[in-house]
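See below for the structure under consideration.
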Amino acid sequence: QVQLVESGGGLVQTGGSLRLSCAASGRSFSTYQMAWFRQAAGKEREFVAAISGSGDNTHYAYSVKARFTISRDNAKNTVYLQMNSLKPEDTAVYHCAATSASEAEILLVIQSGAMDYWGKGALVTVSS
């Protein structure tokens with residue numbers, strides 16, 4: 001069983017930056033592929049970014065590429081999402097998620113949304 005707890009959300013102006021953290025409990029954190037998703041009010045959940053267990057490979061949604069960076073510290077059981085050049089359309093609840101699927105399967109799992117574990121989310125609000 002893995003528990004995920006997000007932190008670092010808040011209110012920021014357009015063009016500002018925030019860093020989200022997701023602390024994971026449990027063992028073998030490095031064996032999990034990790035991802036961030038977000039859900040804006042009245043909209044469906046969407047994929048934001050993913051990172052392999054080793055941290056060597058990352059994937060991003062087109063809408064955040066070059067602005068957001070996902071990283072992880074396996075010694076601290078934590079995954080991060082650095083968000084720069086924030087826009088009002090980035091306003092959403094951000095959830096981290098974990099899957100025990102292999103690195104080769106991560107994109108299929110993301111498309112299906114069938115991650116194994118989910119955090120409760122952190123609200124990010126970007127004011128115009």
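Everything quoted here is computed from the prediction, not taken from an experiment.
- Open room surrounds CD on Q3; 12 or fewer heavy atoms of other groups in view lie less than 6.0 Å from it.
- Without hydrogens or angle criteria, N77 side chain to F29 main chain gives no donor-acceptor distance under 3.5 Å.
- I51 and M115 sit in two unconnected hydrophobic clusters of ILVMFWY residues. Membership requires side-chain heavy atoms under 4.5 Å apart, directly or through other members.
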Review point. Step by step, would you call W118 with R45 a side-chain contact (heavy atoms from CB on, under 4.5 Å)?
Key: CA-CA 12 Å; W118 293 87; R45 185 179 63 205; 3.4 Å; yes
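- V109 and V48 sit in two unconnected hydrophobic clusters of ILVMFWY residues. Membership requires side-chain heavy atoms under 4.5 Å apart, directly or through other members.
- No donor-acceptor pair closer than 3.5 Å links the side chain of N74 to the backbone N or O of S54.
- The CD atom of Q33 lies 10.5 Å from the CG atom of D116; values are rounded to the nearest 0.5 Å.
- With rounding to the nearest 0.5 Å, the separation of CD in Q82 from OG in S21 is 9.5 Å.
- We find the CG-CG distance between L11 and L123 to be 9.0 Å, quoted to the nearest 0.5 Å.
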Check your understanding: Checking side-chain contact (heavy atoms from CB on, under 4.5 Å) for the pair Y94/C22: CA distance, chi angles, key distance, verdict?
Key -> CA-CA 10 Å; Y94 284 71; C22 173; over 6 Å; no
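- We find the OG-CD distance between S128 and Q13 to be 9.5 Å, quoted to the nearest 0.5 Å.
- Put simply, the side chain of R67 gets close to the backbone of S85: a donor and an acceptor are under 3.5 Å apart.
- Note: the hydrophobic cluster containing L4 does not contain V93 (ILVMFWY, side chain heavy atoms under 4.5 Å, direct or indirect links).
- Taking hydrophobic clusters as Ile, Leu, Val, Met, Phe, Trp and Tyr residues chained together by side-chain heavy-atom distances below 4.5 Å, Y80 does not share a cluster with M83.
- Classified by interplanar angle (parallel below 30°, tilted 30° to 60°, perpendicular above 60°), the ring pair F47/F37 is perpendicular.
- Under 4.0 Å is where a charged nitrogen must lie from a carboxylate oxygen, and between R38 and E46 at least one such pair does.
- Under the 30°/60° scheme for interplanar angles, the aromatic rings of Y32 and Y117 are found to stand perpendicular.
- The closest side-chain heavy-atom distance from E103 to D56 is not below 4.5 Å.
- Here the CD1-CG distance, from I70 to L20, works out to 10.5 Å after rounding to the nearest 0.5 Å.
- Here the straight-line distance linking atom CZ of R19 with atom OG of S71 works out to 7.0 Å at 0.5 Å rounding.
- In this structure the side chain of S100 never reaches within 4.5 angstrom of the side chain of T31, judged on heavy atoms.
- Using a distance-only test at 3.5 Å, with no hydrogens or angles considered, a donor-acceptor pair links the side chain of E6 to the main chain of C96.
- Looking at heavy atoms from C-beta onward, H59 lies in side-chain contact with I106 at the 4.5 angstrom threshold.
- Here the closest heavy-atom approach between residue L81 and residue A49 is recorded as CD1-CB, 4.2 Å.
- Hydrophobic clustering, with ILVMFWY side chains joined whenever heavy atoms are under 4.5 angstrom apart, groups M34 together with V124.
- Looking at T58, its side chain never comes within 3.5 Å of a backbone N or O of A50 through a donor-acceptor pair.
- Heavy-atom minimum distance, T69 versus Y60: CA-OH, 3.3 Å.
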